[in-house]
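The structure appears right after this line, and notes come after that.
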Amino acid sequence: MLIFNGLTVIQTYFAISGFLLAVQFADYADRSKSFTVKDFCGSVLYRYLRLIPLYSFMILLDATWLNRLQDGPVWKRVAETERTFCRNNWWANLAFVNNYSTVDEPCLQQSWYLATDFQLFVLGLLLLAFVWRFPKLLRPTLAIAVLLSYLSPGLVTYFYGFEGVVMIRPEALKYVMWYDQGYRQMYIPTHTNFGSYLAGLIAGLAYRQLKRSEASVRQRKLFQLAWYSALPLAIGLLLSAYVFYAYDFEKPAVWIALYAAFSKNLWGVIFGVLFVGLALGVGGFFQRVLNSAIFRPLGKVTYAVFLCHLFVIRATLGNIRQPIYVSDVRILVSTSSTLVLAYILGLLMCLGVEIPLSNLQKVLFAKKSEFVSYP
């Protein structure tokens, strides 16, 4: 279940993005004492331009050179499909709407995350600007947002008759989830992923408040209990999906809709607690490991690796000419080699495309560069 229900783990990254946005917004608002419509538009434009150069390069690479790299009996299906989709649907990617549009003909299928995260960034920025402008409405606004974030996945699950989790079925994997309704309606849309992003926003605001008040969460036993219970609770949440694979329940059902709503959003809450604790010094050895300097260069190339890893998988596995015996060792070797090659290609893309254009952008947007949520 840790693998089959591993799709839930994507909520971690939405929570991280929301947390960083809240912290950076609060820092920027405190320094400038204002956040105008011009600031909002400039921040959205800055983020768009931050993402788009490397993204465009990867789309161009898939649309032109991918099909020339290999050959074989299955290569055309692997490469020609991607090339056709990228030539026809590149506009949806660059407009960051490919989580709603062209889902059945995706270019860079993993980039649905960028579309969802970008839309959540805009919504989160609007929400933060509103509660900053009207601080007395902070609690009712967040309460309404939390209610909507739970209602959305619950209602989608109930009215479509889905299971409590997005299930990975062999018939769906045949077309890499393109036509799976659970994937299209529940996994990738912005409105069903808002809860974890919102949990990150609230965690970021809570962190700022605790840091400003100089409160020591390390001396609060209740928070310590919640923090150390977070990871076991997350593992239990993943394992709880077993019941939907083992039994065929009658659908639609209210209890399944409630499970879907709470399980999808609870992940963001769990990691929101973890982020606040780590930022305020809780965690001991775990915190020291995460603060290790080795993660800084790796973090720099993460965006490039995210964009190119499917390119690497296609180029290394798409030229097979005989059946493959799948074993644990085979999976380990394939995963390790893909990881290494993806980081090598990602490093080259980062040095050749991302960093030069990012530095140019910082020069052009000198003031705006103080406030940006990185992918």
Side-chain angles (χ1 to χ4, degrees), residues 1-15 18 97-104 106 109 112-113 115-117 119-120 122-124 127 140-202 233-272:
M1 282 304 102
L2 294 179
I3 295 176
F4 282 115
N5 198 27
L7 295 176
T8 306
V9 175
I10 195 67
Q11 301 302 315
T12 307
Y13 302 101
F14 290 129
V97 295
N98 54 306
N99 60 331
Y100 287 104
S101 179
T102 68
V103 176
D104 55 350
Q109 186 174 0
W112 70 265
Y113 172 83
T116 302
D117 186 73
Q119 294 162 20
L120 288 171
V122 175
L123 292 174
L127 181 64
T141 301
L142 292 180
I144 293 172
V146 169
L147 178 62
L148 291 176
S149 70
Y150 278 78
L151 280 176
S152 181
L155 291 175
V156 169
T157 299
Y158 184 84
F159 285 109
Y160 280 92
F162 291 151
E163 301 285 356
V165 295
V166 177
M167 300 185 70
I168 303 176
R169 296 182 172 89
E171 59 270 25
L173 288 177
K174 181 180 179 181
Y175 293 101
V176 206
M177 309 291 282
W178 296 345
Y179 308 110
D180 184 76
Q181 286 299 308
Y183 170 80
R184 294 163 64 98
Q185 304 296 337
M186 188 67 177
Y187 185 61
I188 66 175
T190 298
H191 58 275
T192 58
N193 287 294
F194 182 61
S196 292
Y197 198 92
L198 179 62
L201 287 176
I202 295 174
L233 182 60
I235 294 173
L237 188 61
L238 293 179
L239 295 175
S240 68
Y242 168 79
V243 296
F244 297 105
Y245 283 89
Y247 304 100
D248 185 17
F249 298 106
E250 183 180 354
K251 295 174 286 293
V254 173
W255 76 269
I256 293 179
L258 290 174
Y259 175 91
F262 280 92
S263 64
K264 195 173 182 72
N265 291 311
L266 184 59
W267 191 271
V269 175
I270 290 171
F271 278 83

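A quick note: this is a predicted structure, and the numbers were derived from the prediction, not measured.
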Do [X] and [Y] have side chains that approach each other closer than 4.5 Å (heavy atoms only, starting at C-beta)?
{"X": "Leu148", "Y": "Leu198", "result": "no"}
{"X": "Ile235", "Y": "Leu239", "result": "yes"}
{"X": "Asn265", "Y": "Pro153", "result": "yes"}
{"X": "Ser196", "Y": "Lys264", "result": "no"}
{"X": "Thr157", "Y": "Gln185", "result": "no"}
{"X": "Trp267", "Y": "Leu237", "result": "yes"}
{"X": "Thr102", "Y": "Val97", "result": "no"}
{"X": "Val165", "Y": "Leu7", "result": "no"}

Return the [atom1] to [atom2] distance between [X] and [Y], rounded to the nearest 0.5 Å.
{"X": "Ser149", "Y": "Leu142", "atom1": "OG", "atom2": "CG", "value": "10.5 Å"}
{"X": "Tyr113", "Y": "Asp117", "atom1": "OH", "atom2": "CG", "value": "4.0 Å"}
{"X": "Leu127", "Y": "Ile144", "atom1": "CG", "atom2": "CD1", "value": "10.5 Å"}
{"X": "Ile256", "Y": "Tyr158", "atom1": "CD1", "atom2": "OH", "value": "10.5 Å"}

Do the ring planes of Tyr175 and Trp178 sit parallel (below 30°), tilted (30 to 60°) or perpendicular (above 60°)?
tilted

Are there over 12 heavy-atom neighbours, none belonging to Tyr100, within less than 6.0 Å of that residue's OH?
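Atom OH in Tyr100 is packed in, count exceeds 12.
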
Flag if over 12 foreign heavy atoms under 6.0 Å of CD, Glu250
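Open.
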
Given Val269 and Ile202, is the side-chain contact (heavy atoms from CB on, under 4.5 Å) satisfied, shown in steps?
CA-CA 9 Å; Val269 175; Ile202 295 174; over 6 Å; no

Please give me the minimum heavy-atom distance between [X] and [Y], naming the atom from each residue.
{"X": "Arg169", "Y": "Asp180", "value": "NH1-OD1, 4.4 Å"}
{"X": "Tyr197", "Y": "Gly124", "value": "CE2-CA, 4.2 Å"}
{"X": "Val176", "Y": "Gln109", "value": "O-NE2, 2.7 Å"}

Sequence neighbours left out, what passes ring pair (Phe, Tyr, Trp, His ring centres under 6.0 Å) with Tyr13? Give chain and number order.
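Counting only residues at least two positions away or on another chain, Tyr13 forms no ring pair (Phe, Tyr, Trp, His ring centres under 6.0 Å).
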
Using ring pair (Phe, Tyr, Trp, His ring centres under 6.0 Å) as the criterion, list what pairs up with Phe159, not counting sequence neighbours.
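Scan of Phe159 (ring pair (Phe, Tyr, Trp, His ring centres under 6.0 Å), adjacent residues dropped) gives none.
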
Residues in side-chain contact (heavy atoms from CB on, under 4.5 Å) with Ser152, at least two apart?
His191, Thr192

Have Asn193 and Thr116 got a donor and an acceptor in their side chains that come within less than 3.5 Å?
no

Per side-chain contact (heavy atoms from CB on, under 4.5 Å), Met167 is matched among Tyr183, Tyr245, Phe162 by Tyr245

Centroid separation Trp255 to Tyr259 less than 6.0 Å:
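No: the rings miss the under 6.0 Å criterion.
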
